[in-house]
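Taking it in order: structure first as structure tokens, then the write-up.
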Protein chains: 2
Amino acid sequence: MQNLLAEYHDKLSRNNYKLTSQRKDILTVLINNKEQHFSVEDLYNEVKKINPNVGLATIYRNLELFCRLNITHMLEFESDYKHYELISEDDHHHHLICMNCDKIIEFNDEDLIEFEDRLAKDYDFDMVKHYIKFYGYCNDCQNSDDKELK
Amino acid sequence: MQNLLAEYHDKLSRNNYKLTSQRKDILTVLINNKEQHFSVEDLYNEVKKINPNVGLATIYRNLELFCRLNITHMLEFESDYKHYELISEDDHHHHLICMNCDKIIEFNDEDLIEFEDRLAKDYDFDMVKHYIKFYGYCNDCQNSDDKELK
DNA sequence: TTGAATGCAAAGGATTTGCAAGCCC
DNA sequence: GGGCTTGCAAATCCTTTGCATTCAA
């Protein structure tokens with residue numbers, strides 16, 4: 001955790017950004033909840049627990065910055081607000097989204113690497129990251145009659 | 001094209017929605033531009049060419065409906081508005097997105113089916129569709145110095 | 001010290017909503 | 001004819017911006 005914060009501090013410095021106390025607080029919340037993704041509002045509320053004076057605009061401005069620096073990335077789930085989470089290098093981390101109850105199942109998988117390599121070669125594309133969303137019905141909802149779509 | 005429109009008409013009827021002239025116009029534009037994805041504004045402008053009296057809210061309301069019925073789906077590209085396009089059954093259709101120039105390269109691939117099948121089994125998830133976005137640098141931008149991130 | 005970063009509040013802009021009028025089935 | 005749809009315009013709400021103040025380096 002100290003490691004990660006130091007690493008992000010470095011990256012900010014290298015790109016001529018300062019590690020303000022607000023940035024430190026935002027990163028701390030993200031680091032302490034690596035497995036979670038936050039809406040801006042939720043993140044704002046968490047950071048306020050550490051620093052009650054932080055402004056919402058600061059959260060927006062810094063998430064934008066962190067995404068630009070590849071410290072965080074944005075997740076978009078249809079019919080919902082944007083969410084953000086830390087990028088972790090060795091994490092192949094994707095989502096199964098239930099079209100009925102909107103449940104989000106997270107999973108990790110290494111098998112896409114091969115596929116990705118071939119793709120990078122075929123399209124001469126320098127691959128940095130990928131986001132994959134699978135839509136369908138979770139096991140709770142597979143027999144439900146609520147689903148539209150007859 | 002008649003086929004597709006009739007099919008969508010059926011699906012609307014089966015779910016107790018009417019095929020209004022506005023819905024027909026919207027679907028017609030989408031069908032005639034299957035390979036394109038539209039922002040709401042762009043779609044609005046196209047539909048106005050057919051029916052100048054259509055309202056913007058109608059476009060929003062119907063795209064929401066069409067997505068709910070799995071006639072269209074929403075594409076989200078970071079730092080941009082939402083886009084929409086028709087869903088075509090047999091299309092495995094994904095995007096490579098350049099992080100420098102924002103170029104979007106579309107590609108089709110069948111290789112993910114196997115992966116997807118395993119996943120569906122592992123998580124007892126009834127898979128309907130998947131969207132995959134790869135981020136990186138296109139060949140024009142690979143040697144550019146503009147990229148941040150030192 | 002000094003330009004970058006923040007907080008606040010106001011502005012912006014995409015999307016949604018209320019309601020009377022219109023239209024599909 | 002009846003109720004779903006539409007058009008219009010106003011409202012909503014997430015996000016951005018301007019500006020004076022504060023702060024990291």
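Heavy-atom basis, side chains included; hydrogens, waters and symmetry copies ignored. Just so it is clear: chains get the letters A, B, ... in the order the sequence lines come, proteins before strands, and each one is counted from 1.
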**Message:** Looking at D:dG7, I'd like to know if its phosphate oxygens (OP1 or OP2) sit under 4.0 Å from a side-chain N or O belonging to B:Thr58.
**Reply:** yes

**Message:** Ring centroids only, cut at 6.0 angstrom: are A:His37 and A:His73 within range, meaning strictly under it?
**Reply:** no

**Request:** Find the bend of the helix from C:dT1-D:dA25 to C:dC25-D:dG1 as the angle between its two terminal axes (five pairs each), to the nearest 10°.
**Result:** 50°

**Prompt:** D:dT5 phosphate, OP1 or OP2: any side-chain N/O from B:Thr20 under 4.0 angstrom?
**Reply:** no

**Asked** Stepwise, does the salt bridge (charged side-chain N to carboxylate O under 4.0 Å, His left out) test hold for B:Arg68 with B:Glu64?
**Response** CA-CA 6 Å; B:Arg68 206 145 33 80; B:Glu64 192 275 328; 3.0 Å; yes

**Item:** Proximal nucleotide (of C:dC24, C:dT17, C:dT15) relative to the B:Ser21 side chain
**Value:** C:dC24

**Request:** For the pair B:Asn70 (side chain) and B:Phe66 (backbone), establish whether a donor and an acceptor sit closer than 3.5 Å, ignoring hydrogens and angles.
**Result:** no

**Asked** Does A:His9 put a side-chain nitrogen or oxygen below 4.0 Å from OP1 or OP2 of D:dA24?
**Response** no

**Message:** For the residue pair A:Ser39 / A:Asp42, report whether a side-chain donor-acceptor contact shorter than 3.5 Å exists.
**Reply:** yes

**Request:** On DNA chain C, check which nucleotide each of A:Lys18 and A:Asn53 is closest to and give me the residue with the more 5' one.
**Result:** A:Lys18

**Request:** Report yes if a side-chain nitrogen or oxygen of B:Gln22 is closer than 4.0 Å to either non-bridging phosphate oxygen (OP1 or OP2) of D:dG7; otherwise report no.
**Result:** yes

**Request:** Have a look at B:Arg23 and say if it touches a base, only the backbone sugar-phosphate, or nothing, with a 4.0 Å heavy-atom cut-off.
**Result:** sugar-phosphate

**Message:** Expressed as a whole number of angstroms, how long is the span from B:Leu65:CG to C:dT15:C1'?
**Reply:** 16 Å

**Asked** Closest to the B:Tyr60 side chain: D:dG7, C:dT15, C:dA5?
**Response** C:dT15

**Prompt:** Are OP1 or OP2 of C:dC25 and a side-chain N or O of B:Asn16 less than 4.0 angstrom apart?
**Reply:** no

**Prompt:** Please give, in whole Å, the distance from C:dA14 C1' to B:Asn45 CG?
**Reply:** 15 Å

**Request:** Any chance you could lay out the salt bridge (charged side-chain N to carboxylate O under 4.0 Å, His left out) test for A:Lys49 and A:Glu46, step after step, and finish with the verdict?
**Result:** CA-CA 5 Å; A:Lys49 291 180 185 170; A:Glu46 284 305 310; 3.0 Å; yes

**Prompt:** Is B:Asp122 salt-bridged to B:Arg118, cutoff N-O under 4.0 Å?
**Reply:** yes

**Asked** Atom CG of A:Asn15 and atom P of D:dA24: how far apart are they, to the nearest Å?
**Response** 20 Å

